[in-house]
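Here's the structure we're looking at; comments come further down.
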Amino acid sequence: MSDGAVPSSAIYVVLAGALLYSTLLSLGLIAYIAYKPRKNNARHCNLRYEVVIVSKASKNVEKSLFESIKYHTEKFGSVTLVVDEEAELLPKLKELHGVKLVVVPSSYRRDLAGKGRALQYFTECCVDPSKWYVLLDDDSLVLDDDFLYEIPAYEGDGYVAANGVLVPRPGRSLFAYVMDWARYFEDLFFYRFFTGVLSKPLLGLHGDLLLVKGSVLREIGFNNHSLAEDFDFAAELVKRNYKTWQSRTRVSIRSPNSLGDLAKQRGRWFRGVIQGLKRCPFKMKLVVVVKSFGFVVNILAYTLAIPLIIYAGSTWLLLLLAPGALYSVSTYIYGARRAGKPYLFLLAPLFGILEVASRIYGLIYVKDYVVIDKN
């Protein structure tokens, strides 16, 4: 194709997706530069909060779970652990000291799934409306306590929930670790714009560090059968016009131990989001669909379209597609550097294809709540 040729309909689709993605990316860049979470100089002495870890407590999460319990008990003084009555590790967990154990009866709400079911039981039996709750996954490690200085700065203005910033730590798969750094950049750009700047979690929330006011937990709960309970919770916040912020606090998350586990993890999230879209307000549907469509087209752009355009010599098409492609490749360059293997950025096209394939895998094969190996 020459510079003056008319693009085919396929190229128009690629361009539309890439332009939408670049628009969101531009908004994210503004958020990255301009957004600074508010915080008080000191914690209010009457701030009441509770650190809550929710876990399936199976043997394939044993090491991560006990690491998280020990870490947070030492950092915050106490931890609440929510597990199912049928959990494999329950006998060992009963022997722990300094941990408040909440056991979900096996007969409770079998219509619900996974973490959402456990959270709903905890909400009904244990949540104090006046407290703030720090909800964590069993591989999460909260790296600082900035959120404790932010809550007093936001609570008085009607803010009811916040997310931290995800920072990956290595699992057993080097490739999965490199790919997981894309989640860090998504927080700094896309999620920061919606959750932080707009104070509306239109892309959803993640459960690796979810701060929520107890009264709002009691009001909303987790009453839907969902593979992505955090996304459903965000949709309910949007419906009720509640305000959120993005915390300065960073939370370390363990990367999947294999590319197979990464596909299961990403696939469950994507299927959960697709299922949850029917319960979303229209503006949330629009943002999620545009972001997802733009993401997929952007991957196709830099793996297939850009090489073809360079070969064909179409400069203007290349310039239109370049911003999104540069962003995506930059996340993998950063991840490769953090892994100590800078040359791995050359596999960026492969990483992108794996991300898209995992979403397809989720739609076809993921039918229930999946907990990957976190040891």
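Looking only at distances, no side-chain donor or acceptor of Ser292 sits under 3.5 Å from a matching main-chain atom of Val289.
Between Lys100 and Val79 the shortest side-chain heavy-atom distance does not fall below 4.5 Å. Contact of the Lys63 side chain with the Arg254 side chain is not registered, since no non-hydrogen atoms from C-beta on lie closer than 4.5 Å. With contacts defined as side-chain heavy-atom distances shorter than 4.5 Å, the pair Glu62/Phe66 qualifies. Tyr133 places none of its side-chain heavy atoms less than 4.5 Å from the side chain of Val51.
Hydrophobic clustering (side-chain heavy atoms under 4.5 Å, transitive across Ile, Leu, Val, Met, Phe, Trp, Tyr) groups Val167 together with Phe190. Residues Tyr108 and Leu90 do not share a hydrophobic cluster, defined by chaining ILVMFWY side chains whose heavy atoms lie under 4.5 Å apart. Note: the hydrophobic cluster containing Leu237 does not contain Phe231 (ILVMFWY, side chain heavy atoms under 4.5 Å, direct or indirect links). Under a hydrophobic-cluster definition in which Ile, Leu, Val, Met, Phe, Trp and Tyr are linked whenever side-chain heavy atoms come within less than 4.5 Å, directly or via other members, Phe233 and Leu277 are assigned to different clusters. Hydrophobic clustering, with ILVMFWY side chains joined whenever heavy atoms are under 4.5 angstrom apart, keeps Tyr332 apart from Leu326.
Side-chain atoms of Asp144 and Thr249 include a donor-acceptor pair closer than 3.5 Å. With hydrogens and angles left out, the side-chain atoms of Glu50 and Thr80 include a donor and acceptor closer than 3.5 Å. When only modelled atom types and interatomic distance are considered, Asp187 and His206 share a side-chain donor-acceptor pair under 3.5 Å. At a cut-off of 3.5 Å, with distance as the only test, a side-chain donor of Tyr242 or Glu219 sits close to an acceptor on the other residue.
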Give the intermediate values and the outcome of side-chain contact (heavy atoms from CB on, under 4.5 Å) for residues Leu211 and Leu209. CA-CA 7 Å; Leu211 310 176; Leu209 172 58; 3.9 Å; yes

Is there a ring-ring contact (aromatic ring centres under 6.0 Å, His included) between Phe122 and Phe222 once you walk through the steps? CA-CA 10 Å; Phe122 175 73; Phe222 298 85; 9.8 Å; no

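Note: Asn60 CG to Asp261 CG = 8.5 Å, rounded to the nearest 0.5 Å. Between Leu205 atom CG and Thr244 atom OG1 the span is 6.5 Å, to the nearest 0.5 Å. In this structure, the separation between CZ on Arg38 and OG on Ser247 is 12.5 Å, given to the nearest 0.5 Å. Rounding to the nearest 0.5 Å places CD1 of Ile53 at 8.0 Å from CG of Asp138. Between atom OH of residue Tyr71 and atom CG of residue Leu136 there is a gap of 10.5 Å, rounded to the nearest 0.5 Å.
Using bins of under 30°, 30° to 60° and over 60° for the plane-to-plane angle, the ring pair Phe295/Tyr21 lands in the tilted bin. Taking the six-membered ring for Trp and thresholds of 30 and 60 degrees, Trp181 and Tyr184 have ring planes more than 60 degrees apart, a perpendicular arrangement.
Residue Lys341 places its NZ atom among 12 or fewer non-hydrogen atoms of other residues, nucleotides or ligands, all under 6.0 Å distant.
Checked against Phe193 for a side chain to side chain contact (heavy atoms under 4.5 Å, CB included), the options Ile30, Leu188, Leu198, Leu29 give a single hit: Leu198.
Nearest heavy-atom pair, Lys39 versus Asp146, reported as atom, atom and distance to 0.1 Å: NZ-OD1, 3.4 Å.
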